[in-house]
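All residue numbers refer to positions in the sequence shown, counting from 1. Atoms considered below: every heavy atom in the structure, side chains included; atoms not considered: hydrogens, waters and symmetry mates.
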Amino acid sequence: MNTNRVDSILRNVVKLTSELKESLPDGFEGSYLTIPEYWDKQFLIEDSLETYEKIKDLLLQEKWGEKFSEKFIDAVIRKAIANTKKYGIEEAKQQFIEECSKVESYSTEMTVYIPLGGIQIDHQVNQPISLGNIELLHVSEQVLEDIQRQGNAITRTTTHSKEDIDSFIQEDNKTLSENFLHKVCAIHYIIAEPEKALEVANKETQKALNLLRYTIPAVCDRSGLEVRIDVDSLVPSNTQNTIVLSPKFFGKQWKRSREEYRISPDVMEILEDLGVFKLSELLQKSYVDLNEFEKVLLRGIYWFGTSQTHMDVENEFLNLTICLEVFFTPHSGDPISSTIAESTALWIGRDLEERKRIKDRIKKLYSKRSKVSHGGSNAIDEQSVVDLRVIARRVVTKMIERRSEFEKKKDVSSWLEDQKLS
């Protein structure tokens, strides 16, 4: 960090330090000399919050946010405030420069494993599957042993007694086996401190999973069963246990309620045909390097993917309508239902008759949207959701197929306008 930026940050730290409240908030013991252990934004007067945020912005401009979490950056600011309060500006500046040097030279690569639920990979698929910035991998016994070996080696370097270390290792190995063995993990590699690594890994995992969720209607025969792919802790059990009870009746049922998304060689071909691996390349780009249409495409896939995570038909329905709106909402003041219906029909209809049917169906489905938005009871039936799901997936698929033809969203609007006049 250059000298001018360091001086600017420290000037704001000094200003902020002088504006600390005179007394500690209730529940805190000690004095300001205990900062940063007991420091909190409660110590700031209202106007100084703006100064605090300015310091954070200056650090983020140095790209600290790429490797470090907000919690870490907050800790650096707290430490600078503490050192200024305890030792004065010169000592605080020296320690802050040393902290900056550590941050800017940070180069430790983290590997984050996030166990997933509702998904399996067949043994015939023996290579990790790359989706965006993550890999999907079945955690075999060998993979788990490698993780345990690395973890155990680190535990043995601690200063605990041999008995404690053996106990920790035994407990760690048991927990890893219970939570990771024979599950599919999303794996993300990143140079970042641990908390930031986990934060980014979770975001990248959801982006990649949205690509798979978009393919659920094509890959899975749902036949009354729900399909849900998510972080393992967020996916309910595949078996629904129920009891029906009255004074004269007792019934119990163990019913399979969920279907797993299983990736086989055949499914890999479907993913290829649906353009999933081409979309995966977009996720690897920096957001600023995407053109406007690519951003719209990923946003539409986000809403389609999110629609597949809901357990109720109303929220799935709303997410699917938003998916269509992402692509077809006009800049003009045309009624949205008629415009969305006509645009959808022109985009995926193969002939005049099919376009008429699609337009009519979308208008009828949209007539239910406001009822759903305002909490109408039983406003949506299962068939309406199935129809909208099929239509929305066809729209997304064609957007993927034709993505090289468009740079901006208005290019799609221009194409649709040409179709009306042809």
- Message: For I400, is there any backbone N or O sitting under 3.5 Å from a side-chain donor or acceptor partner on R403?
- Response: yes

- Full working for side chain to side chain donor-acceptor pair (under 3.5 Å) between D387 and Q383: CA-CA 6 Å; D387 290 351; Q383 189 58 51; 2.8 Å; yes

- Tell me, do L212 and L136 make a side-chain contact under 4.5 Å, heavy atoms counted? yes

- Atom CD of E199 and atom OG of S69: how far apart are they, to the nearest 0.5 Å? 6.5 Å

- Walk me through it: do T321 and I340 pass the test side-chain contact (heavy atoms from CB on, under 4.5 Å)? CA-CA 9 Å; T321 59; I340 297 294; over 6 Å; no

- Measure the CD-CG distance between E141 and D146 for me, rounded to the nearest 0.5 Å. 12.0 Å

- Message: Could you go through K285 and E294, starting from their C-alpha distance and side-chain angles, then the distance that decides it, and tell me whether this counts as salt bridge (charged side-chain N to carboxylate O under 4.0 Å, His left out)?
- Response: CA-CA 10 Å; K285 288 185 178 182; E294 289 171 337; 3.4 Å; yes

- So does K295 have more than 12 non-hydrogen atoms from other groups sitting under 6.0 Å from NZ? yes

- Query: Under 3.5 Å, side chain of T306 to main-chain N/O of W303, donor-acceptor pair present?
  - Reply: no

- Item | H188 and N133: side chain donor to acceptor below 3.5 Å | no

- Message: Tell me if the NZ atom of K183 is crowded by more than 12 foreign heavy atoms within 6.0 Å.
- Response: yes

- Query: Is there side-chain contact between V296 and F406, with at least one heavy-atom pair below 4.5 Å?
  - Reply: no

- Would you say F96 and N83 make side-chain contact, with heavy atoms under 4.5 Å? no

- Under the salt bridge (charged side-chain N to carboxylate O under 4.0 Å, His left out) rule, what do E417 and K420 come out as? Steps first, then yes or no, please. CA-CA 5 Å; E417 193 64 30; K420 296 178 191 178; 3.5 Å; yes

- Item | Salt bridge present between K56 and E70 (N-O < 4.0 angstrom) | yes

- Message: Do R402 and W415 form a cation-pi contact, if we require the NZ or CZ to be under 6.0 Å from the six-membered ring centre and within 45 degrees of the ring's axis?
- Response: yes

- Item | Contact check, side chains of L388 and L324, non-hydrogen atoms, under 4.5 Å | yes

- Side-chain (D312) to main-chain (N315) donor-acceptor, under 3.5 angstrom: yes

- Can a donor-acceptor pair be found between the side chains of K15 and T51 at a distance below 3.5 Å? yes

- Please state whether the rings of Y106 and F68 are parallel, tilted or perpendicular, taking 30° and 60° as the class boundaries. perpendicular

- Item | Salt-bridge contact K162-D166 (side-chain N to carboxylate O under 4.0 Å) | yes

- Message: Using a 6.0 Å distance limit plus a 45 degree cone around the ring axis, check whether K207 lies over the aromatic ring of Y302.
- Response: no

- Message: If we count only N and O atoms by modelled type, under 3.5 Å, do the side chains of S384 and D381 hold a donor and an acceptor together?
- Response: yes

- Query: Where do A192 and A197 come nearest, in terms of heavy atoms and distance?
  - Reply: CB-N, 4.0 Å

- Item | For the student: nearest non-hydrogen atoms of S307 and E316, plus distance | O-CG, 3.3 Å

- Of all heavy-atom pairs linking L274 and Y214, the shortest is O-OH, 3.2 Å

- Item | Contact summary for A80 and V13, nearest pair of heavy atoms | O-CG1, 3.8 Å

- Task: May I ask you to test the V267-R262 pair for a side-chain heavy-atom distance under 4.5 Å?
- Result: no

- Query: Any side-chain heavy-atom pair from Y287 and L290 closer than 4.5 angstrom?
  - Reply: yes

- Task: Enter the distance from I362:CD1 to E342:CD here, rounded to the nearest 0.5 Å.
- Result: 12.5 Å

- Query: Would a 4.5 Å heavy-atom cut-off, applied to side chains only, mark M399 and V412 as touching?
  - Reply: yes

- Mind listing the closest non-hydrogen atom pair of S264 and D122 along with its distance? CB-OD2, 3.2 Å

- Please determine, by modelled atom types, if D57 and Q61 share a side-chain donor-acceptor pair under 3.5 angstrom. no

- If you take all heavy atoms of C323 and V396, which pair is closest and at what distance? SG-CG2, 3.8 Å

- Message: Between Y52 and D74, does the side chain to side chain donor-acceptor pair (under 3.5 Å) criterion hold? Intermediate values first, please.
- Response: CA-CA 9 Å; Y52 182 87; D74 280 336; 2.5 Å; yes

- Query: With a 4.0 Å cut-off, would you call R355 and D351 a salt bridge?
  - Reply: no

- Task: Would you give the length of the straight line joining atom NZ of K359 to atom NZ of K364, rounded to the nearest 0.5 angstrom?
- Result: 13.5 Å

- Indicate yes or no: does E354 engage R394 in a salt bridge with an N to O separation below 4.0 Å. yes

- Check whether any side-chain N or O of E62 sits under 3.5 Å from a backbone N or O of W64 as a donor-acceptor pair, and report yes or no. no

- Query: Given V103 and F72, is the side-chain contact (heavy atoms from CB on, under 4.5 Å) satisfied, shown in steps?
  - Reply: CA-CA 10 Å; V103 165; F72 180 94; 3.9 Å; yes

- Item | Step-by-step side-chain contact (heavy atoms from CB on, under 4.5 Å) determination, E407 to F293 | CA-CA 5 Å; E407 289 283 328; F293 179 75; 5.8 Å; no

- Query: E171 side chain to F168 main-chain N or O, any donor-acceptor pair under 3.5 Å?
  - Reply: no

- Item | Test side-chain contact (heavy atoms from CB on, under 4.5 Å) applied to H310 and N319, step by step | CA-CA 9 Å; H310 294 295; N319 284 176; 2.7 Å; yes

- Task: Look only at the side chain of T157 and the backbone of I154, and say whether a donor-acceptor pair between them is shorter than 3.5 Å.
- Result: yes

- Item | S8 (side chain) donor-acceptor with N4 (main chain) under 3.5 angstrom | no

- Would you give the length of the straight line joining atom CG of L131 to atom CG of L209, rounded to the nearest 0.5 angstrom? 8.5 Å

- Task: Check whether the side chains of R213 and N210 place a donor and an acceptor atom closer than 3.5 Å, and report yes or no.
- Result: yes

- Message: Quick check for you: to the nearest 0.5 Å, what is the distance between F304 atom CZ and L320 atom CG?
- Response: 6.0 Å

- Does any N or O in the side chain of E292 come within less than 3.5 Å of the main-chain N or O of K409, such that one atom is a donor and the other an acceptor? yes

- Task: Determine yes or no for a side-chain-to-main-chain donor-acceptor pair under 3.5 angstrom, with S177 supplying the side chain and N173 the backbone.
- Result: no

- Side chains of E193 and T108 in contact at under 4.5 Å (non-hydrogen atoms): no

- Task: Could you give me the CA-CA distance, side-chain angles and deciding distance for Y366 and S338, then say whether side chain to side chain donor-acceptor pair (under 3.5 Å) is met?
- Result: CA-CA 9 Å; Y366 252 83; S338 61; over 6 Å; no

- Message: Quick one: does any side-chain atom of S280 pair with a main-chain N or O of V276 as donor and acceptor, under 3.5 Å?
- Response: no

